[in-house]
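Notes to accompany the following structure.
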Amino acid sequence: MARNITPREKDYSQWYLDVIKAAEMADYAPVRGCMVIRPTGYAIWESIQSQLDERFKETGHVNAYFPLLIPSSFLEKEAKHVEGFSPECAVVTYAGGEELEEPLVIRPTSETVIGHMYSKWIQSWRDLPILINQWCNVLRWEKRPRLFLRTSEFLWQEGHTAHATKEEALEETLRMLEVYRSFMEEVLALPVLTGEKSEGERFPGAENTYTCEAMMTDKRALQAGTSHFLGQNFAKAFDIRFQNKDGELEYAWTTSWGVSTRLIGAIIMTHADNDGLVLPPNVAPVKTVILPITPDQNLLQEKILPEAQKISESLKKILGANRVVLDTQFHMRPGDRFFYHLQKGVPLRLELGEAEMKSSHLRAVRRDTGEVVNISFDAVEREVPRLLENIQNTLYRKARSFREENTYHVTSFEEFNEVLNKKGGFIKAYFAGSPEDEKAIKEATTATIRCFLLNEPTEGTCFYTKKRGGKLAVFAKAY
RNA sequence: CGGGGCGUAGCGCAGUUUGGUUAGCGCGCUAGUUUUGGGAACUAGAGGUCGCGAGUUCGAAUCUCGCCGCCCCGACCA
């Protein structure tokens with residue numbers, strides 16, 4: 001057991017912070033609520049970024065960049081948007097040695113400035129759709145920050161699209177939700193429920209917000225990504241109009257969607273254990289590490305190191321040049337070298353010492369289960385990818401089983417309270433209440449509607465109001 | 001913004017109640033030696049204007065006043 005990590009059962013928040021510290025993922029910045037993302041953490045973000053970016057491009061999107069500063073008047077153009085975001089905005093009022101004529105908001109999100117630009121770029125139905133994404137930072141002045149989960153400044157991507165018809169925009173909203181779902185499940189091994197947010201949890205200014213909700217190992221819910229159907233709200237606020245084929249002027253239909261560095265928090269709280277980080281191979285910046293081990297310098301230089309280099313080269317061809325590391329930290333003792341990679345979550349460790357040289361086998365140790373597998377030198381190229389795939393699948397299945405074991409169906413408020421107090425986790429229930437009912441439930445229990453599940457055509461009696469026609473919702477305590 | 005706690009070495013803390021001369025401990029760090037297959041041991045070192053400012057006093061980490069910052073709980077949080 002790792003001596004520098006508080007056990008998860010003892011103090012979950014402290015465990016989370018200890019894992020981040022032990023893996024050297026992030027550190028607190030001098031400014032409250034801000035974090036420094038260290039190389040180990042940033043490499044994970046780069047891995048997320050490159051793989052998501054590919055999926056965005058496969059679905060027809062292109063990247064662009066819009067500015068950090070937004071005229072404060074822009075935010076005010078959409079009533080609900082300004083109401084939702086103004087409390088957490090930081091505003092620049094002074095620059096170049098003088099008071100600014102108009103204060104500039106540091107973007108909390110970019111719908112407004114992008115809407116402004118789209119109104120200039122769109123005149124004809126031929127200009128649509130516009131499918132733009134940007135990778136950037138945003139700032140939201142959070143009262144209670146937590147590393148990766150909720151920091152004042154964070155990195156994310158925000159997609160912003162404009163369409164000629166409502167149907168097309170809705171289709172885009174759900175397409176991107178599906179891109180998120182498949183990415184999270186296939187790459188991050190993060191099982192998620194997809195659904196629609198209730199009115200109270202909707203993005204300020206959206207007609208509809210769709211979400212991917214994941215269960216963390218403390219049974220709380222984490223919103224891992226959202227996709228918004230903005231209707232014509234922003235088009236009307238920013239005058240995004242086009243002439244249709246019949247020569248009539250129409251407002252465009254827009255969407256926006258985003259995921260952030262919060263995903264790294266989700267990976268930690270889904271897969272990490274009491275020894276530290278555990279990374280699914282598909283997102284791991286380093287998929288495998290080769291550790292030559294021996295106190296015998298001659299043996300090391302003449303036999304072990306050349307063999308390790310040979311194996312490293314052949315694995316690099318299969319897994320990617322940067323995905324395989326040959327550990328040559330010989331100033332460290334073996335135990336320290338094991339823990340170094342263990343705590344950074346490297347999925348597979350390949351040990352090569354005197355015993356392995358004699359038997360022409362590598363000693364492979366899985367990060368997820370600790371299981372040891374011997375791999376013959378000539379089977380490395382076949383067995384290592386197979387093991388990595390197995391680790392990926394095992395992590396996903398384990399997380400999904402955990403969620404399923406901690407999901408309950410209730411039909412009454414009494415039952416709801418009982419499950420919440422005694423068991424925790426996700427609660428599925430038919431709900432037909434008002435936003436006021438939702439608020440009352442939150443006040444009484446601190447649990448919120450995470451979403452109304454997609455692809456659940458059945459209706460039932462509301463567990464709270466006993467009205468008919470309730471939709472199937474998932475409730476949970478959330479981050 | 002309300003309630004509570006805390007600022008002393010890179011980190012974690014003791015010392016403050018009852019003022020006293022070289023401000024300590026653990027981890028970490030540096031050097032050397034012996035070690036090395038799941039987080040080493042010994043030896044020798046480096047590292048502090050005790051959060052900031054003013055006051056009381058022969059003398060302040062310690063007492064008084066003011067300020068600043070951080071953490072926890074709550075409210076808030078697409």
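Please read all numbers here as calculations on a predicted model, not as lab measurements.
In this structure, G2(B) and C73(B) make a Watson-Crick or G-U wobble pair, each of the two defining distances being under 3.5 angstrom. In this structure, C27(B) and G10(B) make a Watson-Crick or G-U wobble pair, each of the two defining distances being under 3.5 angstrom. Across all strands shown, C67(B) forms a Watson-Crick or G-U wobble pair, both distances under 3.5 Å, with G51(B). Base pairing of G37(B) is not made with any nucleotide, judged by Watson-Crick or G-U wobble geometry with both donor-acceptor distances under 3.5 Å. Nucleotide A60(B) forms no Watson-Crick or G-U wobble pair with any nucleotide shown, as no partner meets the under 3.5 Å limit on both distances.
With both ends at atom C1', the span from A60(B) to U8(B) equals 14 Å, rounded to whole Å. Between the C1' atoms of G47(B) and G26(B), the separation comes to 15 Å (whole Å). The same atom, P, is picked in A9(B) and in A61(B); the two are 14 Å apart, to the nearest Å. Look at the P atom in both C25(B) and G15(B): the space between them is 15 Å, to the nearest Å. To the nearest whole angstrom, the two P atoms, one in G66(B) and one in G48(B), are 32 Å apart. Atom name C1', nucleotides U17(B) and G2(B): the rounded distance is 30 Å, in whole Å. Between A75(B) and G39(B), the two P atoms lie 45 Å apart (nearest whole Å). Between the P atoms of C68(B) and G32(B), the separation comes to 49 Å (whole Å).
Along RNA chain B, the nucleotide nearest to Glu142(A) and the one nearest to Lys21(A) differ in position, and the one closer to the 5' end is contacted by Lys21(A). Of the two residues contacting RNA chain B, namely Ser13(A) and Gly84(A), the nearest-nucleotide position lying further toward the 5' end is that of Ser13(A).
A straight line from CH2 of Trp141(A) to P of A75(B) spans 22 Å, rounded to a whole angstrom. The distance between atom CD of Glu83(A) and atom C1' of C77(B), rounded to the nearest whole Å, is 14 Å. In this structure, Arg3(A) places its CZ atom 10 Å from P of C27(B), rounding to the nearest Å. Following rounding to the nearest Å, Arg150(A) (CZ) and A75(B) (C1') show an atom-to-atom distance of 13 Å. Between the OH atom of Tyr28(A) and the P atom of C71(B) there is a distance of 7 Å, given to the nearest Å. With rounding to whole Å, Met35(A) atom CE is found 19 Å from C70(B) atom C1'. The interatomic distance linking Asn274(A) (CG) with G38(B) (C1') rounds to 16 Å, in whole Å. One can place CZ of Arg366(A) at 19 Å from C1' of G38(B), the figure rounded to the nearest angstrom.
Side-chain atoms of Glu158(A) and Ser110(A) include a donor-acceptor pair closer than 3.5 Å.
Below 30°, between 30° and 60°, or above 60°: for Phe74(A) and His116(A) the angle between ring planes is between 30° and 60°, a tilted geometry. Relative ring orientation between Phe475(A) and Phe416(A) is described as perpendicular, the plane-to-plane angle rising above 60° on a 0-90° scale split at 30° and 60°.
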Which atom pairs, one a donor and one an acceptor, fall under 3.5 Å between side chains of residues 253-263 of chain A and the rest of the protein, sequence neighbours left out?
unit_1: Thr255(A); atom_1: OG1; unit_2: Thr161(A); atom_2: OG1; d: 2.5
unit_1: Thr255(A); atom_1: OG1; unit_2: Trp257(A); atom_2: NE1; d: 3.3
unit_1: Ser256(A); atom_1: OG; unit_2: Glu111(A); atom_2: OE2; d: 2.7
unit_1: Ser260(A); atom_1: OG; unit_2: Arg262(A); atom_2: N; d: 3.0
unit_1: Thr261(A); atom_1: OG1; unit_2: Leu155(A); atom_2: O; d: 3.4
unit_1: Arg262(A); atom_1: NE; unit_2: Leu149(A); atom_2: O; d: 3.1
unit_1: Arg262(A); atom_1: NH1; unit_2: Gln223(A); atom_2: O; d: 3.0
unit_1: Arg262(A); atom_1: NH2; unit_2: Leu149(A); atom_2: O; d: 3.3

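Using a 4.0 Å cut-off between a side-chain N of Lys or Arg and a carboxylate O of Asp or Glu, Arg175(A) and Glu172(A) qualify as a salt bridge. One finds no salt bridge joining Lys471(A) and Glu456(A) here, because no Lys/Arg side-chain nitrogen approaches an Asp/Glu carboxylate oxygen to under 4.0 Å.
Residue contacts shown for Gln343(A) include a base, since a base heavy atom lies under 4.0 Å away. Residue Phe154(A) is classed as a base contact, given a heavy-atom separation below 4.0 Å to a base. Using a 4.0 Å heavy-atom distance criterion, Glu201(A) is classed as a sugar-phosphate-only contact. Among the atoms of the strands shown, base atoms are found under 4.0 Å from some heavy atom of Phe85(A). Among the atoms of the strands shown, none is found under 4.0 Å from any heavy atom of Val372(A).
Checking G39(B), G38(B), C77(B) against the side-chain heavy atoms of Arg349(A) singles out G38(B) as nearest.
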Kindly give the atom pairs (protein nitrogen or oxygen, nucleotide nitrogen or oxygen) under 3.5 Å for nucleotides 34-37 of chain B.
unit_1: U35(B); atom_1: O2; unit_2: Arg333(A); atom_2: NE; d: 3.4
unit_1: G37(B); atom_1: O6; unit_2: Glu354(A); atom_2: N; d: 2.5
unit_1: G37(B); atom_1: O6; unit_2: Ala355(A); atom_2: N; d: 3.4
unit_1: G37(B); atom_1: O6; unit_2: Glu356(A); atom_2: OE1; d: 3.3
unit_1: G37(B); atom_1: N1; unit_2: Glu356(A); atom_2: OE1; d: 2.6
unit_1: G37(B); atom_1: N1; unit_2: Glu356(A); atom_2: OE2; d: 3.3
unit_1: G37(B); atom_1: N2; unit_2: Glu351(A); atom_2: OE1; d: 2.9
unit_1: G37(B); atom_1: N2; unit_2: Glu356(A); atom_2: OE2; d: 2.8

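In this structure, the ring of His228(A) has its center less than 6.0 angstrom from the ring center of Phe203(A). Checked against the 6.0 Å centroid criterion, the rings of Trp156(A) and Trp45(A) do not qualify as a close aromatic pair.
Listed by chain and number, the residues in a side chain to side chain contact (heavy atoms under 4.5 Å, CB included) with His341(A) are Val289(A), Leu291(A), Asp327(A), Gln329(A), Val346(A) (sequence neighbours excluded).
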